K.L.:
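Mind having a look at this structure? Questions to follow.
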Amino acid sequence: MPRRPILLGIAAVLVIVAAASSYARWSRPAWTAEERQILEELWIGSLPELPPDPSNAVADDPRAVALGHRLFFDTRFSRNGQVACATCHQPARAFSDGRPRGQGVGTTDRRTQTLIGAAYSPWQFWDGRKDSQWAQALGPLESPVEHGGTRTQYARLIAEHYRAEYEAIFAPLPADAELQRLPEAAGPVADPAARAAWEAMRPEDRDLVTRIYVNMGKAIAAYLRQIRPGASRFDAYVEALRRGDEAGMAAALSADEVAGLRLFIGKAGCTECHSGPLFTNHEFHNVGVPAAAGLPADRGRALGAAQVLADEFNCTSPYSDARPEDCAELRFLKHDAPELEGAFKTPTLRNVAERAPYMHAGQFATLRDVLDHYNRVLAAAVGHSELQPLHLSETELAQLEAFLRALSAPPQVPADLLAPPAD
Amino acid sequence: MSTGMRSQESAGIATRLGSWQRRALIGLGLVVAVVAIGYALMWVRMHQPPPDDLDLSTTRLTAAGHYRATILPGSDPIPINRLHTWTLHVETPDGRPVESAQITVDGDMPQHGHGLPTRPQVTRYLGNGDYLVEGMKFQMGGWWVVDFTITADGRRDTVRFNLVLE
Ligand SMILES: [Cu+2]
């Protein structure tokens with residue numbers, strides 16, 4: 001009578017399959033050599049020394065750091081006297097502001113980016129329209145919706161409040177009287193009166209003012225270079241793994257977080273773009289994020305690439321301290337390919353849990369919303385999305401989210417630089 | 001539960017053994033099929049392995065056979081996310097170096113629908129059929145193709161190299 005043995009056989013096979021798959025799922029203790037390599041690449045210990053910025057001669061000058069620190073928090077450098085960099089880039093919020101779009105003297109079209117580790121990126125802004133942090137800093141200062149001020153206003157403020165510090169780092173400033181004869185508010189900005197006043201100035205005065213303006217940017221950039229990421233629980237896990245310390249691994253990450261990490265570097269394909277110790281390849285990708293409510297679809301890198309080539313302050317400009325051969329990124333820039341349409345810079349995922357909402361215009365309120373997006377992926381608002389839907393289960397999405405939450409850590413910044421200057 | 005019910009059930013199972021067996025087999029078949037399809041789908045998304053028959057050689061004849069080209073990618077392994085420089089060597093099929101060629105470079109990821117993040121260029125002739133290729137950069141691992149278009153003495157030809165980066 002063969003029936004009963006067949007039944008038993010089927011049951012046995014099912015039990016073995018179930019046991020094997022749950023064993024694989026829950027107790028897969030070791031990482032393969034390939035997986036270990038990816039983990040080590042994501043580990044903060046792989047972050048190299050910050051590369052020098054040849055376009056900024058004072059990038060690593062402590063006096064420039066100190067001046068930049070003061071300018072970063074100084075609200076006098078704005079149209080209404082109320083906006084500083086720190087208004088939007090708040091140290092306590094991973095140097096962002098918790099809003100879908102930045103709020104200065106007006107509202108920006110994009111979300112405030114974190115500054116942690118940003119000095120490592122060859123391109124600044126969501127669309128990479130600046131190729132250094134000093135050139136970047138000069139954007140918001142003149143933007144009508146951020147600081148909203150002008151170059152002549154800023155040159156006067158520097159002479160009035162920071163003359164000694166400035167002259168110690170850069171060059172002697174013109175006498176106050178000489179600066180006083182320049183218009184109070186003039187610059188190549190959106191405001192027609194300020195623009196007209198700027199165009200009426202003598203070219204040598206414009207150059208003088210622009211040089212002071214550029215040096216402000218270079219001091220601020222020296223400060224931004226100090227804002228480095230700190231070691232998170234994920235990093236503690238990799239360190240324990242390197243030591244072969246299983247207890248340390250278990251103490252650093254829970255089973256769910258490890259499962260999320262496994263998805264992140266494996267099946268979910270996140271490390272195609274969120275790679276390296278900052279969890280970003282610093283490049284531009286279209287991941288099909290919908291347009292922000294009330295705004296037209298944003299073309300992202302398609303415009304940013306052309307802008308950085310034409311930028312008054314780029315690496316090859318007369319205001320840059322770099323030699324032309326130092327400007328390879330700009331020289332080999334790709335500026336007219338279809339994949340730049342709707343592409344944005346891959347954000348770092350370090351400290352990601354502390355800086356909701358997400359994406360270039362805060363389109364998603366929570367990490368779970370971001371993951372739901374990756375799970376189903378809609379057609380892109382502009383251009384073509386590079387992504388395929390993931391079809392992860394509810395449990396897997398929760399594990400991925402748990403892992404993302406293990407990437408937070410206080411930034412590695414000298415404590416005095418995290419707060420406004422003492423006086 | 002009474003003993004009576006239990007014995008009734010076992011009697012039922014005994015008499016309907018044939019249909020249970022069929023159902024179990026069908027069920028098992030379905031489970032296997034669903035699991036297999038699921039894994040197949042995930043595999044496609046997750047790994048997108050490059051085709052098995054990729055030719056990864058670094059010396060290749062151009063499409064129309066006018067030249068033989070060799071890539072020398074500056075460092076081993078080829079770095080991810082970093083600008084670096086290659087040398088391209090071009091010779092005739094019978095081994096004479098090709099001088100003063102016009103060469104353009106392009107590359108993309110056939111499975112991802114995007115190209116290189118940069119626009120590399122041949123910037124210098126180094127002599128002996130060697131050309132300096134600057135501005136190479138790969139923003140992720142996976143299967144890449146890098147194409148060179150070579151024009152010398154009015155003869156234009158193309159060559160494609162496959163790379164699988166870690
Ligand atoms: Cu790709």
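Lettering follows sequence order; numbering is per chain, from 1. Given the structure is predicted, the values throughout are model-derived calculations rather than measurements.
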K.L.:
Check A/Glu339 against B/Gly115 and note the closest heavy-atom contact, atom names and distance.
P.N.:
OE2-N, 2.8 Å
K.L.:
Atom CD of residue position A/Glu325 - does it have more than 12 heavy atoms of other residues, nucleotides or ligands inside 6.0 Å?
P.N.:
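Count over threshold, so yes.
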K.L.:
Flag the pair B/His112 / A/Glu386 as yes when at least one side-chain heavy-atom distance between them is below 4.5 Å, and no otherwise.
P.N.:
no
K.L.:
Under the side chain to side chain contact (heavy atoms under 4.5 Å, CB included) criterion, do A/Glu283 and B/Lys137 qualify, and how do the steps go?
P.N.:
CA-CA 11 Å; A/Glu283 285 298 338; B/Lys137 194 182 201 181; 3.3 Å; yes
K.L.:
Taking atom CZ of A/Arg376 as the centre, does the number of heavy atoms from other residues, nucleotides or ligands within less than 6.0 Å exceed 12?
P.N.:
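Counting neighbours around CZ of A/Arg376, more than 12 heavy atoms of other residues, nucleotides or ligands fall under 6.0 Å, so yes.
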K.L.:
Counting only non-hydrogen atoms closer than 4.5 Å, does A/Pro338 touch chain B with its backbone (N, CA, C, O), its side chain (CB onward), both, or neither?
P.N.:
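Looking at A/Pro338, nothing touches chain B.
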K.L.:
What's the spacing between A/Ser275 OG and B/Asn81 CG if we round to 0.5 Å?
P.N.:
5.0 Å
K.L.:
Less than 4.5 Å apart, side chain to side chain, heavy atoms only: is that true for B/Leu83 and A/Glu329?
P.N.:
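Answer yes - side chains close enough.
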K.L.:
Inspect the surroundings of NE2 in A/His384 and state if more than 12 heavy atoms from other residues, nucleotides or ligands are less than 6.0 Å away.
P.N.:
no
K.L.:
Stepwise, does the side chain to side chain contact (heavy atoms under 4.5 Å, CB included) test hold for A/Asp336 with B/Arg119?
P.N.:
CA-CA 10 Å; A/Asp336 58 358; B/Arg119 165 132 330 145; 2.9 Å; yes
K.L.:
Any side-chain heavy atom of B/Met140 sitting closer than 4.5 Å to one from A/His285?
P.N.:
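Yes, close enough: below the 4.5 Å cut-off.
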K.L.:
Please say whether more than 12 non-hydrogen atoms of neighbouring residues, nucleotides or ligands are located less than 6.0 Å from CG in B/Asp52.
P.N.:
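Not buried by this count: 12 neighbours or fewer within 6.0 Å.
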K.L.:
Would the number of heavy atoms belonging to other residues, nucleotides or ligands and lying under 6.0 Å from CG of B/Asp153 be above 12?
P.N.:
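Incorrect, the count does not exceed 12.
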K.L.:
Can you check whether B/Gln139's main-chain N or O pairs, donor with acceptor, with A/Asn281's side chain at less than 3.5 Å?
P.N.:
yes
K.L.:
Given that the side chain runs from C-beta out, which part of B/Glu134 has a heavy atom under 4.5 Å from chain A: side chain, backbone, both or neither?
P.N.:
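Both parts, heavy atoms under 4.5 Å.
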K.L.:
If you look at every heavy atom in A/Lys334 and B/Pro117, which pair is closest and at what distance?
P.N.:
CB-O, 3.5 Å
K.L.:
Checking heavy atoms, do the side chain of B/Thr123, its backbone, both or neither come under 4.5 Å from chain A?
P.N.:
side chain
K.L.:
Answer with side chain, backbone, both or neither: which region of A/Glu34 has an atom nearer than 4.5 Å to a non-hydrogen atom of chain B?
P.N.:
side chain
K.L.:
Pick one of side chain, backbone, both or neither for B/Pro120, based on which atoms fall under 4.5 Å of a heavy atom in chain A.
P.N.:
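Looking at B/Pro120, just its backbone touches chain A.
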K.L.:
With a 4.5 angstrom heavy-atom cut-off, which part of A/Arg301 approaches chain B: side chain, backbone, both or neither?
P.N.:
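Neither part, no heavy atoms under 4.5 Å.
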